Number of protein chains: 2
Amino acid sequence: MQRKLLIVEDEPDIAHLVQKHLQDAGYDADIASNGAAAMELFRKNSYQLVILDLMLPDTDGLTLCRKMRSAEEYVAILMLTAKSTELDRVLGLEMGADDYLTKPFSVPELMARIKALFRRIDALKEDTKGITEQASIERGGLYIDVNKRSVQVEGELVDLTAREFDLLLFFARHPGRVFSRIQLLDKVWGYNHDGYEHTVNSHINRLRSKIEQDPSEPQYVLTVWGVGYKFRDQRSDA
Amino acid sequence: MQRKLLIVEDEPDIAHLVQKHLQDAGYDADIASNGAAAMELFRKNSYQLVILDLMLPDTDGLTLCRKMRSAEEYVAILMLTAKSTELDRVLGLEMGADDYLTKPFSVPELMARIKALFRRIDALKEDTKGITEQASIERGGLYIDVNKRSVQVEGELVDLTAREFDLLLFFARHPGRVFSRIQLLDKVWGYNHDGYEHTVNSHINRLRSKIEQDPSEPQYVLTVWGVGYKFRDQRSDA
DNA sequence: CGTAATTATCACAAAACAATCACAACTGCA
DNA sequence: TGCAGTTGTGATTGTTTTGTGATAATTACG
């Protein structure tokens, strides 16, 4: 997954230095040199992390921080500040920063913090996942346990590889809906994956040989001729 | 239902900062600035969650934690610790904290964890299964004494290092569930630990050489290819 | 019924991943 | 401080999975 960050910093040298390192590390980073530009970019894009300098020409950083915090989606905020008094820290935390770094900082340290922040965000998402996504799915004679990554067909455990499981899980979460091979590559393999469409065929083939009673007459993953594949819908047939 | 929490923290700035945010979020939070006050409030009120600083002027946090744990009703405990080394110990000792956070922490993260904790508490109450905090765990030929931090395989005592024990305990508490190396680093090593994923491999390797009859054909800690590791589920095989 | 287009199957090499080992850095402790 | 044990990391080897090419089977449609 691509991680998008926004750097809010008025000193171009610093901003570009940071941007360059972030790009080297595989992140996608935009720059805003003042508060107004920052809010504009922020509203237009969805960032996962904002690196925010407290001292800005127009707005002050704390206001900006609060504004971003009030947005729908959660963004991590890493504050950069010149001073390092305890008051500053508490203030920054109160405003909702997730981490804090005082200038001058070292690039390796910044990168380490960013990495750590992303990790924490991911861990949190993992915790929160329970509400939106179900831990187990039952469809016909198929039972999928997401946490255990185990699959049972008619009560019998079958052993799937990581890809096979991900593929099956994706299908089972969208029963009845047809997906093209490209869509499957995007959703299951990942957006930046490049490869041949017929790779999907092979995986479907292998998956069927494991979960289907009679792979030539599939019950779960069906071929939609000229389009792609779909998971059989409970009621509607064919 | 009103959620009552107790903040045990000797730095007034932090205590009030947290209290303010909790109130904003609709919780009812009391503050205790030392261990004695904490126990007094704890006995008089019934809290659902205690946010507990490890470093306190009079008592140490662990003792407090144990005392609260021994109360009739179950309370969730979220620990705040200063360093990550200290945190290892806490986790290792399994004094019964439900979650932890290292200082300096960010308010959004704290709030997220509190929410997640309440969700877990609710889910637990539903189940009525009080099996979460057991002093000993038996799984197959494996016997783990949490308090003594000792492990027996087929009645034979084996000598594990701190990490090995923590790792095994974590697995044994979540049998069947698959964890990625990153998740293990987060849960066993600590959220802000940074290191290489393949460190986990080495520890699994060493752990296996101690507890497995035939490390090349593990009975307890199984590899899930392309994903991570899991503890063998009772019934399910392979 | 024949043909072109699409999908299924299979085998294999390459890539991704995991296990292992050795060693240096670190830890707690006497 | 020095020591013994523990832990993290690099390097190497071994294993499983996965993508891909080739080919066979199936489908749509004139």
Side-chain angles (χ1 to χ4, degrees), chain A residues 112 149 158-168 178-186 188-190 192-212 214-230 238, chain B residues 83-93 149 151 158-168 170 178-186 188-190 192-212 214-230 238:
Chain A
R149 291 180 72 87
V158 291
D159 213 46
L160 299 186
T161 69
R163 266 297 139 75
E164 285 158 9
F165 181 87
D166 291 341
L167 190 59
L168 177 61
V178 183
F179 296 96
S180 73
R181 280 158 245 274
I182 300 232
Q183 284 179 307
L184 291 170
L185 281 175
D186 279 351
V188 178
W189 272 253
N192 48 0
H193 175 88
D194 66 327
Y196 293 73
E197 282 188 43
H198 99 280
T199 292
V200 177
N201 296 22
S202 277
H203 281 270
I204 296 270
N205 186 30
R206 285 193 274 251
L207 179 60
R208 278 175 177 164
S209 76
K210 290 183 181 180
I211 65 168
E212 300 284 3
D214 173 10
S216 69
E217 196 70 35
Q219 297 304 300
Y220 300 110
V221 180
L222 311 182
T223 303
V224 181
W225 231 82
V227 187
Y229 300 94
K230 73 169 181 181
Chain B
K83 295 168 295 174
S84 57
T85 47
E86 187 182 323
L87 151 80
D88 287 349
R89 166 115 311 150
V90 176
L91 259 192
L93 287 174
R149 292 179 68 82
V151 173
V158 291
D159 213 45
L160 299 186
T161 69
R163 270 290 140 80
E164 284 158 9
F165 182 86
D166 291 343
L167 192 57
L168 178 62
F170 180 76
V178 181
F179 296 95
S180 72
R181 288 169 183 73
I182 298 226
Q183 285 179 309
L184 291 169
L185 282 174
D186 279 348
V188 178
W189 272 254
N192 51 359
H193 174 88
D194 69 327
Y196 291 72
E197 286 187 40
H198 97 281
T199 293
V200 177
N201 296 25
S202 279
H203 282 268
I204 296 270
N205 189 28
R206 286 192 273 253
L207 178 59
R208 276 176 178 164
S209 75
K210 291 183 181 180
I211 65 167
E212 300 283 3
D214 173 10
S216 69
E217 196 71 35
Q219 298 303 302
Y220 300 111
V221 180
L222 310 183
T223 303
V224 180
W225 247 85
V227 187
Y229 299 94
K230 71 170 179 184

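Just so it is clear, the values below take in all heavy atoms, side chains as well, and ignore hydrogens, waters and symmetry mates. Letters A, B, ... are given to chains in the order of the sequence lines, protein chains preceding strands, and every chain is numbered from 1. Please read all numbers here as calculations on a predicted model, not as lab measurements.
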Assuming nearest nucleotide by heavy-atom distance, tell me which of A:Arg181 and B:Thr223 is located more 5' along DNA chain C. A:Arg181

Just N and O in the side chain of A:Trp189: are any of them under 4.0 Å from OP1 or OP2 of D:dT18? no

Between C:dT7, D:dG8, D:dT16, spot the one nearest the side chain of A:Trp225, thanks. C:dT7

With a non-hydrogen cut-off below 4.0 angstrom, is A:Val227 in contact with a base, only sugar-phosphate, or nothing? sugar-phosphate

Return the nearest nucleotide to the side chain of B:Thr199; candidates are D:dG8, C:dA8, D:dT18. D:dG8

Picking from D:dT18, D:dT7, C:dA5, which would you name as closest to the side chain of A:Arg163? D:dT18

Could you check how far NE2 of B:His198 sits from C1' of D:dG14, rounded to whole Å? 15 Å

Winner on side-chain proximity to A:Thr161, out of D:dG8, D:dT6, D:dT18, is D:dT18

For C:dT20, does OP1 or OP2 lie under 4.0 Å from any side-chain N or O of B:Asn205? yes

Would you find more than 12 non-hydrogen atoms of other residues, nucleotides or ligands less than 6.0 Å from B:Asp159 atom CG? no

Which label fits A:Tyr196 and A:His198: parallel for a plane angle under 30°, tilted from 30 to 60°, or perpendicular past 60°? perpendicular

Check: B:Arg208 side chain, B:Val221 main-chain N or O, donor-acceptor pair, under 3.5 Å: yes

Whole angstrom value for the distance that separates C1' of C:dT6 from CD1 of A:Ile204: 15 Å

Reading DNA chain D from 5' onward, which residue's closest nucleotide shows up sooner: A:Gly195 or A:Leu160? A:Leu160

Has B:Glu217 got a side-chain atom pairing as donor or acceptor with B:Pro215's backbone, closer than 3.5 angstrom? no

On DNA chain C, nearest-nucleotide positions of B:Arg206 versus B:Tyr229: which is more 5'? B:Tyr229

Within this structure, what is the CG-to-C1' distance between B:Asn201 and C:dC17, rounded to whole angstrom? 9 Å

Rounded to the nearest angstrom, tell me the gap between atom CD in B:Glu197 and atom C1' in D:dT9. 14 Å

Shortest non-hydrogen separation from B:Val227 to A:Ala162 and the atoms involved: CG2-CB, 4.0 Å

In whole angstroms, how far is the P atom of D:dA4 from the CG atom of B:Asp159? 17 Å

Using a distance-only criterion (donor-acceptor N/O pair, under 3.5 Å, no hydrogens), is the base of D:dG8 paired with the side chain of B:His203? no

Looking at D:dT20, does its base get a donor-acceptor pair with the side chain of A:Ser202 below 3.5 Å? yes

